[in-house]
A.B. asks: 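Provided herewith is a single structure, encoded as structure tokens, for subsequent inquiry.
Everything quoted here is computed from the prediction, not taken from an experiment.
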Amino acid sequence: MGLLDILLGRTKPVAPNLDQLFALPSAAVTLEAAASFTPTGRGAVCFATVEGAAFEQTHREVQALLDADAERDGPPVELRRDDFGYSWLVSERVPEQLPQLVNDLHAVNSSMEVNGFGPQLLCSLAGFQDTAGRSLALVYLYKRGTFYPFAPLPGAEQRRDNALELRVKATLSNDLRIEQDLNRWFPLWGAPSL
């Protein structure tokens with residue numbers, strides 16, 4: 001970073017560190033103990049929609065890689081598009097297989113990055129639920145290298161439980177690198193993993 005960058009307040013973007021995803025299983029233990037949220041077994045990787053043969057080849061490679069997992073039942077990754085025009089590669093496991101789900105998310109991100117689709121990656125998320133049926137996602141922002149909680153309130157209205165999100169932030173501050181800029185805690189309405 002040069003002097004002009006310092007004077008203009010520009011900062012270098014944080015390089016994504018996909019290995020941070022591997023902190024999710026230990027954070028899940030903390031989350032269950034402190035707030036009674038347990039993994040749902042659902043997770044997804046969100047990216048700007050990509051068309052073309054190169055992406056289709058990458059999707060087939062990811063599918064083949066995850067199909068090789070003998071413990072998996074059903075399709076490993078499903079490609080979905082949301083109402084906002086974003087694409088999601090969704091993985092579903094049994095709730096007790098959070099480490100395997102994290103491996104899936106890491107493999108999808110890594111494959112897309114290696115095949116030149118890193119700039120299109122937006123976030124990854126793992127779903128959680130409590131005994132009252134409330135949903136929560138721990139979201140990894142690819143371009144920021146940080147996590148944040150997203151807790152949509154049930155119902156047709158797009159509202160979120162901000163108090164719960166702030167409690168989860170405080171609870172997991174020692175387990176995950178939490179995004180400190182609350183303006184970056186984007187709502188993920190219609191995320192297929194919630």
A.B. asks: Is any side-chain heavy atom of Phe150 closer than 4.5 Å to a side-chain heavy atom of Ser135?
C.D. replies: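 No; the side chains remain at least 4.5 Å from each other.
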A.B. asks: Identify the heavy atoms of Leu24 and Leu98 that sit nearest to each other, and give their distance.
C.D. replies: O-CD2, 3.9 Å
A.B. asks: Is there side-chain contact between Val168 and Leu138, with heavy atoms separated by less than 4.5 Å?
C.D. replies: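 Sidechains of Leu138 and Val168: in contact.
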A.B. asks: Is there a side-chain contact between Leu101 and Pro39, using heavy atoms and a 4.5 Å cut-off?
C.D. replies: no
A.B. asks: Can you confirm whether Ser110 sits close enough to Leu18 that some side-chain heavy atom of one is under 4.5 Å from a side-chain heavy atom of the other?
C.D. replies: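 Sidechains of Leu18 and Ser110: in contact.
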A.B. asks: Looking at CZ of Arg60 and OG of Ser111, how far apart are the two atoms once the value is rounded to the nearest 0.5 Å?
C.D. replies: 13.5 Å
A.B. asks: Quick one: does any side-chain atom of Trp185 pair with a main-chain N or O of Glu179 as donor and acceptor, under 3.5 Å?
C.D. replies: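 Yes, Trp185 side chain to Glu179 backbone: donor-acceptor pair under 3.5 Å.
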A.B. asks: Could you go step by step and tell me if Arg184 and Leu182 meet the side-chain contact (heavy atoms from CB on, under 4.5 Å) rule?
C.D. replies: CA-CA 5 Å; Arg184 302 252 183 207; Leu182 300 184; over 6 Å; no
A.B. asks: Could you state the interatomic distance from CZ (Phe37) to CG (Leu164), rounded to the nearest 0.5 Å?
C.D. replies: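 Result: 4.5 Å between the selected atoms.
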A.B. asks: Can you check whether Gly85's main-chain N or O pairs, donor with acceptor, with Thr49's side chain at less than 3.5 Å?
C.D. replies: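 Such a contact is found between Thr49 side chain and Gly85 backbone.
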A.B. asks: Do Leu136 and Asp130 have side chains that approach each other closer than 4.5 Å (heavy atoms only, starting at C-beta)?
C.D. replies: no
A.B. asks: Do the non-hydrogen side-chain atoms of Asn109 and Tyr142 ever get within less than 4.5 Å of each other?
C.D. replies: yes
A.B. asks: Determine whether a donor-acceptor pair (N or O, by modelled atom type, separation under 3.5 Å) exists between the side chain of Ser91 and the backbone of Asp104.
C.D. replies: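 Flag not set: sc Ser91 to bb Asp104 has no pair under 3.5 Å.
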A.B. asks: Identify the heavy atoms of Ala191 and Leu125 that sit nearest to each other, and give their distance.
C.D. replies: CB-CD2, 4.1 Å
A.B. asks: Quick one: OG1 on Thr38 to CD on Gln129, what's the gap to the nearest 0.5 Å?
C.D. replies: 7.0 Å
A.B. asks: I'd like to check Leu172 versus Phe147 (side-chain heavy atoms, cut-off strictly below 4.5 Å). Are they in contact?
C.D. replies: no
A.B. asks: Shared ILVMFWY cluster between Phe128 and Val29, side chains joined below 4.5 angstrom?
C.D. replies: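 Result: no, two separate clusters.
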A.B. asks: Are the side chain of Lys143 and the backbone N or O of Leu121 linked by a donor-acceptor pair below 3.5 Å?
C.D. replies: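 Side chain of Lys143 to backbone of Leu121, a donor-acceptor pair under 3.5 Å: yes, one is there.
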A.B. asks: Measuring from Thr171:OG1 to Leu166:CG, what's the distance to the nearest 0.5 Å?
C.D. replies: 10.5 Å
A.B. asks: Could you tell me the separation between the CD atom of Gln97 and the CD atom of Glu92, rounded to the nearest 0.5 Å?
C.D. replies: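 Reported value, rounded in 0.5 Å steps: 12.0 Å.
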A.B. asks: What do you reckon, is CZ of Arg159 surrounded by more than 12 foreign heavy atoms closer than 6.0 Å?
C.D. replies: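 Open.
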A.B. asks: With salt bridge (charged side-chain N to carboxylate O under 4.0 Å, His left out) as the criterion, how do Arg42 and Glu78 come out once you've worked through the C-alpha distance, each side chain's angles and the decisive distance to 0.1 Å?
C.D. replies: CA-CA 11 Å; Arg42 294 184 303 272; Glu78 182 184 352; over 6 Å; no
A.B. asks: Quick check: is Leu79 connected to Leu188 through a chain of hydrophobic side chains (ILVMFWY, heavy atoms under 4.5 Å apart)?
C.D. replies: yes
A.B. asks: Nearest heavy-atom pair of Ser124 and Val45: which atoms, and what distance?
C.D. replies: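 The answer is OG-CG2, 3.6 Å.
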A.B. asks: Does a sphere of radius 6.0 Å around CZ in Phe117 hold more than 12 heavy atoms from other residues, nucleotides or ligands, not counting ones at 6.0 Å or beyond?
C.D. replies: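 Enclosed.
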A.B. asks: Verify the neighbour count for atom CG of Asp181: are there more than 12 heavy atoms of other residues, nucleotides or ligands below 6.0 Å?
C.D. replies: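 Yes - once you tally the heavy atoms of other residues, nucleotides and ligands closer than 6.0 Å, there are more than 12.
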A.B. asks: If every non-hydrogen atom of Ser193 is compared with every non-hydrogen atom of Val90, which pair is closest and at what distance?
C.D. replies: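 Minimum heavy-atom contact is OG-CG1, 3.9 Å.
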A.B. asks: Apply the test side-chain contact (heavy atoms from CB on, under 4.5 Å) to residues Phe47 and Leu89: give CA-CA distance (whole Å), side-chain angles for both, the deciding distance (0.1 Å), then the verdict.
C.D. replies: CA-CA 9 Å; Phe47 54 93; Leu89 283 172; 3.8 Å; yes
A.B. asks: Do Tyr140 and Arg177 have side chains that get closer than 4.5 Å, going by heavy atoms?
C.D. replies: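 They are not in contact (no side-chain heavy atoms under 4.5 Å apart), so the answer is no.
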A.B. asks: Please indicate whether Gln158 has more than 12 foreign heavy atoms, meaning atoms of other residues, nucleotides or ligands, lying under 6.0 Å from its CD.
C.D. replies: yes
A.B. asks: Run the side-chain contact (heavy atoms from CB on, under 4.5 Å) test on Gln180 and Lys169 for me, step by step, so that the C-alpha distance in whole Å, both residues' side-chain angles and the decisive distance to 0.1 Å come before the verdict.
C.D. replies: CA-CA 9 Å; Gln180 296 303 311; Lys169 172 189 180 218; 3.5 Å; yes
A.B. asks: Is Asp19 atom CG crowded by more than 12 heavy atoms from other residues, nucleotides or ligands, each under 6.0 Å away?
C.D. replies: yes
A.B. asks: Under the criterion side-chain contact (heavy atoms from CB on, under 4.5 Å), I'd like the reasoning laid out for Glu61 against Asn115: C-alpha separation, chi angles, the key distance, then a yes or no.
C.D. replies: CA-CA 10 Å; Glu61 287 174 10; Asn115 287 298; 3.5 Å; yes
A.B. asks: Can you name the nearest heavy-atom pair linking Leu176 to Ala27, along with the distance?
C.D. replies: CG-CB, 3.8 Å
A.B. asks: Hey, could you give me the CZ/OG1 distance between Arg93 and Thr40, rounded to the nearest 0.5 Å?
C.D. replies: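 Atom-to-atom, Arg93:CZ and Thr40:OG1 are 13.0 Å apart.
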A.B. asks: Do the side chains of Phe22 and Val108 join up, straight or via other hydrophobic residues, at under 4.5 Å, putting them in one cluster?
C.D. replies: yes
A.B. asks: Got a donor-acceptor contact below 3.5 angstrom from the Ser173 side chain to the Ala170 backbone?
C.D. replies: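 Yes: the side chain of Ser173 pairs with the backbone of Ala170.
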A.B. asks: What are the two closest non-hydrogen atoms of Glu96 and Pro99, and how far apart are they?
C.D. replies: O-CD, 4.2 Å
